[in-house]
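This report refers to the structure that appears directly beneath it.
Any value given below was found using the heavy atoms of this structure, including those in side chains, with hydrogens, waters and symmetry copies removed.
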Amino acid sequence: MGESNLRQYIDDFFDELILYDDYYNGHYYKMLLKTGIDVFLDNENSYTAYEIYRTFFMIYQISHENKSEKHSPNEIKIVKEKNILLDLVKTMKDYEENTGDLIEKQRDHFIHSVNVFLLGLAIYSQNKSYRDKFKQYVLNSPYKKYYRIDGEFSHEEFLYRWGVAALFHDIGYPVEIIGKQLKKFINDGIKSISSSYNADTAIDFKDFNEFNTIVKKDPNFADKYTSVYPEAKFLNLFKPTDIMAHKISTDFKGIDVNQVIKHLDSFVDIMGDSGFIDHGFFSSILVLNSYGYLIQKYAKNNDFFFYPIVDSATAILLHNYYRNVLQKKPFDLKTLHPSQSPLAFLLILCDELQEWNRQPFGVKDKQRSHVNELVINIDDRGMDVEYIVREGAMGLGFSEDKEEFLKTVLSLRSIFKFGLRIITDVSQDNIIRENVHSEAQAPDILLRNVETIAIQIHNQYVETTKQQYEEKLALGEEIDDEFMEKYNNLTTFDELTPQLKIANIRQARSIPNKLDIIGCEIASNDDERDAILRFSKDEILDLAILEHQEWCDEKIGTGWTLGEKDVENLVTPYLVPWDELTEDIQQYDIDPIKNIIPLMDSLGLKVVRTKERLLTFEMHNFYSEYNKSAGHFDDLPSYIKYSNYKQTDFLLRILSELGYDVMDIEDAGEAVMSFDEDSIEYLAKREHNEWYKLKVNLGWTYDAVKDDVAKTNPNLVEWDQLDHETKELNRRTFRNLSQLCGNVGLKIVKN
């Protein structure tokens with residue numbers, strides 16, 4: 001599709017835009033807003049996003065100043081009223097950034113709202129049909145205070161209404177965050193008891209009417225509204241839901257306002273009973289509460305509220321409410337036409353399309369793949385959107401599902417003659433992240449075992465230090481002061497300081513997790529699996545780095561600080577990243593890893609490969625039966641073995657994407673004996689692309705001849721370029737995966 005045109009489209013919008021204050025009062029507000037947008041497009045982050053919020057809501061800040069009066073641009077006016085609209089923005093930003101790890105699913109909404117705003121500007125600038133429908137919508141209303149330049153309709157009317165709708169459409173998201181936090185906390189707690197629990201939670205408003213009320217500053221506020229809308233005299237015009245119900249019934253002919261009022265009045269209870277939260281509902285009320293208060297307090301003409309703000313707020317309500325409520329019984333509305341509510345139409349479209357650069361905050365969303373870039377083409381005929389995913393895959397049917405959703409909700413061909421086309425470009429699947437501590441699934445070991453292992457760790461440390469001392473003496477090596485201090489301070493476990501005892505206990509507790517990360521576990525000597533005699537160099541390095549990280553956490557947690565060594569005052573120079581340590585100091589982290597196997601042996605235990613790791617060997621051996629050049633697993637270089645381990649870990653994750661668990665053959669659950677061809681194709685493609693990326697990162701390149709020394713491989717191409725025979729080899733593995741699992745005591749179960 002080519003290079004993205006988003007920046008150019010936004011430039012086009014601002015080229016045609018003239019702001020009232022710039023034209024009549026000599027300001028440079030357009031330049032300030034455009035500057036903030038340009039910087040944001042160069043570097044999308046919360047800082048540059050906030051600059052756009054701040055500039056927009058300062059341009060349109062409602063205060064005692066009469067913006068319609070002409071005055072000198074050099075005249076300084078002090079506005080003491082705080083900007084409560086920006087305060088709402090800050091609240092959303094803080095809640096989102098600081099609570100994401102306590103939620104299963106949550107993506108950025110702060111930067112997202114700015115991108116929604118910009119995408120809307122792009123569509124408006126490039127699609128005349130939408131511009132005409134928006135303009136006609138404004139002109140058809142009784143509102144005559146819309147922005148004009150020399151008597152002509154100004155694009156600023158769109159900028160103002162759209163800015164409020166887009167930038168504020170997720171302002172109520174903290175309410176949903178709190179609800180999700182509660183649900184995750186309850187479910188995490190009871191799931192730890194048994195996975196069969198399925199508790200549901202909901203937020204209960206003790207007095208929703210208090211929240212759903214505009215502060216009454218002007219007793220004539222409602223009278224001014226009903227002078228324009230006499231049919232609204234029976235409504236409570238200090239009640240946001242009544243105002244929006246009336247707006248919906250006005251825009252969508254045939255909708256009974258009383259039905260909408262009844263539903264909105266009970267919507268909080270409906271959400272509670274159904275176990276969901278529509279943050280758009282709360283966002284719209286917050287907007288009307290905020291602007292209702294400010295306009296009563298400062299504006300000389302309440303039309304500013306009745307038309308632009310109610311229009312924007314109702315669009316915010318409709319961006320979820322339309323499809324979730326109004327398209328269902330008893331309302332049964334069809335697809336939304338832009339002439340009915342142009343802002344709601346555009347908000348639904350842009351909100352659904354804005355997928356690029358959305359930072360994940362929720363636990364599960366952090367594990368998903370994400371769109372990195374957007375390529376977009378818009379004109380009067382159609383709209384093409386291409387999502388570029390550098391790492392990962394968005395899932396089967398991502399583009400098709402998004403297109404189908406938008407066609408179901410919106411009348412797209414009313415502005416795009418040839419419709420909307422969505423493409424997802426996944427050039428490569430993601431390289432497997434290094435397994436991290438938080439992903440380890442090893443169970444805790446009993447306290448009495450922790451005690452035994454901790455004491456044995458110390459005893460082993462003592463013996464090793466004594467042995468090193470004797471070796472240095474025998475070889476005539478110079479013994480430095482630090483080693484001599486360590487040797488002279490050797491003592492029994494009972495005589496250790498509390499700090500040193502904690503260090504040994506921490507090491508003991510971490511051993512099962514460390515082993516799990518490299519696909520190993522502790523077993524009794526009568527276990528049929530072969531004992532591991534030594535770890536690979538890569539495994540030792542990975543676990544040593546993790547050991548150093550855990551050591552740093554332990555020291556910081558027990559009061560140590562960074563500085564010149566002073567044990568008495570808990571100061572150490574080693575609270576630094578691994579790469580900043582000398583090799584001698586790194587050895588202090590390497591030794592405990594090397595000592596795990598002899599440590600277990602001294603306790604009558606052994607380290608074995610997990611069944612999942614044994615599956616790696618089984619899969620390789622199966623593959624090598626059909627591809628003789630693959631060789632025997634034991635003969636592979638260590639770095640290739642290690643990449644194969646990671647491939648298996650990745651395989652288990654992509655199986656879970658299709659709803660499968662791999663578990664011990666003795667566990668409850670019926671084994672799945674085969675997959676359908678679509679699933680086989682999906683798994684084979686994902687697995688190959690992951691292998692491809694791993695090889696590239698390990699320094700391999702494409703060549704027609706396979707050479708393990710030169711690191712070349714003829715299969716180092718993406719799936720679509722792979723020859724049929726090699727594709728079949730990949731597929732054959734998955735056709736036989738159930739049997740391969742059974743060979744190592746595992747089974748696949750549909751969860």
Side-chain angles (χ1 to χ4, degrees), residues 437 445-475 477-515 517-518 520 522 532-535 537 539-560 565-568 570-575 578 581-607:
H437 193 194
I445 54 179
L446 295 175
L447 182 60
R448 63 176 178 269
N449 296 331
V450 171
E451 173 192 53
T452 302
I453 295 174
I455 293 172
Q456 190 64 12
I457 286 173
H458 175 69
N459 292 340
Q460 191 181 56
Y461 167 79
V462 170
E463 291 303 317
T464 301
T465 304
K466 287 180 178 179
Q467 183 179 347
Q468 290 172 345
Y469 177 75
E470 295 297 331
E471 289 174 354
K472 288 177 182 293
L473 287 178
L475 295 172
E477 290 183 6
E478 182 180 350
I479 302 176
D480 59 44
D481 293 341
E482 187 163 346
F483 183 86
M484 219 38 236
E485 181 184 1
K486 181 173 78 166
Y487 177 79
N488 290 332
N489 288 330
L490 292 177
T491 184
T492 64
F493 185 85
D494 289 342
E495 294 173 330
L496 290 176
T497 65
Q499 289 264 356
L500 292 175
K501 285 179 181 176
I502 282 291
N504 286 289
I505 291 169
R506 189 267 306 160
Q507 272 193 14
R509 284 197 170 116
S510 73
I511 287 175
N513 275 355
K514 285 190 173 78
L515 292 176
I517 286 171
I518 60 170
C520 296
I522 302 170
I532 301 297
L533 301 180
R534 66 183 62 85
F535 299 131
K537 183 179 178 180
E539 291 171 336
I540 291 172
L541 179 60
D542 273 1
L543 295 187
I545 293 172
L546 176 57
E547 168 61 26
H548 177 65
Q549 292 170 349
E550 290 180 337
W551 180 88
C552 289
D553 291 341
E554 170 208 318
K555 293 304 178 191
I556 293 170
T558 53
W560 289 70
K565 187 175 181 180
D566 183 350
V567 176
E568 186 176 340
L570 305 183
V571 182
T572 174
Y574 307 130
L575 286 175
W578 170 265
L581 299 174
T582 64
E583 288 187 7
D584 288 346
I585 300 305
Q586 288 178 349
Q587 196 64 39
Y588 288 122
D589 296 306
I590 292 171
D591 286 341
I593 305 307
K594 288 183 173 180
N595 288 336
I596 290 176
I597 291 174
L599 174 67
M600 293 300 110
D601 184 58
S602 70
L603 295 171
L605 301 169
K606 63 180 179 180
V607 176

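When all heavy atoms are compared, the tightest approach of Phe493 to Ala454 is CE1-O, 3.9 Å. Across Tyr574 and His548, no two heavy atoms sit closer than the pair O-CE1, 3.2 Å. Closest approach of Ala508 and Ile457 over heavy atoms only: N-CD1, 3.7 Å. Across every non-hydrogen atom of Lys555 and Leu575, the tightest pair is CB-CD2, 3.9 Å.
One distance of note links CZ of Arg534 with CD of Glu539; it measures 12.0 Å at 0.5 Å rounding. Atoms CG and CG, from Leu599 and Leu605 in turn, are 9.0 Å apart once rounded to the nearest 0.5 Å. To the nearest 0.5 Å, the span separating CG on Leu543 from CD1 on Ile590 amounts to 11.0 Å. Here OH of Tyr487 is found 12.0 Å from CD of Gln468. Values are rounded to the nearest 0.5 Å. Atoms CD and OG1, on Gln587 and Thr582 in that order, are 10.5 Å from each other to the nearest 0.5 Å. Atom CD1 of Ile522 and atom CE of Met600 lie 4.5 Å apart (nearest 0.5 Å).
For NZ of Lys501, the number of neighbouring non-hydrogen atoms (other residues, nucleotides, ligands) closer than 6.0 Å is greater than 12. For Asn488, the CG atom is densely surrounded, since the number of other residues' heavy atoms within 6.0 Å is greater than 12. A 6.0 Å sphere centred on CD of Glu583 holds no more than 12 heavy atoms belonging to other residues, nucleotides or ligands.
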Go through the steps for Asp584 and Glu482 under the test side-chain contact (heavy atoms from CB on, under 4.5 Å), then give the verdict.
CA-CA 11 Å; Asp584 288 346; Glu482 187 163 346; over 6 Å; no
Derivation and outcome, side-chain contact (heavy atoms from CB on, under 4.5 Å), residues Gln456 and Ser602
CA-CA 8 Å; Gln456 190 64 12; Ser602 70; 3.2 Å; yes
Trp560 and Asp566: side-chain contact (heavy atoms from CB on, under 4.5 Å), yes or no, with the steps?
CA-CA 10 Å; Trp560 289 70; Asp566 183 350; over 6 Å; no
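Scanning for side chain to side chain contact (heavy atoms under 4.5 Å, CB included) contacts around Thr497 gives Gln499, Leu500, with sequence neighbours left out. The side chain to side chain contact (heavy atoms under 4.5 Å, CB included) search around Ile545 returns Leu541, Gln549, Trp578, not counting sequence neighbours. Residues meeting the side-chain hydrogen bond (donor to acceptor under 3.5 Å, both in side chains) test with Glu470, sequence neighbours left out: none.
The shortest distance between side-chain heavy atoms of Asp542 and Ile593 does not fall below 4.5 Å. The closest side-chain heavy-atom distance from Phe535 to Ile596 is below 4.5 Å. Residues Ile597 and Leu533 fail the side-chain proximity criterion, which asks for heavy atoms closer than 4.5 Å. Residues Lys472 and Phe483 meet the side-chain proximity criterion, which asks for heavy atoms closer than 4.5 Å. Side-chain contact between Asp591 and Tyr461 is absent, with no heavy-atom pair separated by less than 4.5 Å. Side-chain contact between Arg506 and Glu547 is present, with heavy atoms from C-beta onward closer than 4.5 Å. Between Asp589 and Leu581 there is a side-chain heavy-atom pair separated by less than 4.5 Å. Counting only heavy atoms from C-beta outward, the side chains of Trp551 and Thr572 approach each other to under 4.5 Å.
Using modelled atom types, no side-chain atom of Glu550 and backbone atom of Ser510 make a donor-acceptor pair closer than 3.5 Å.
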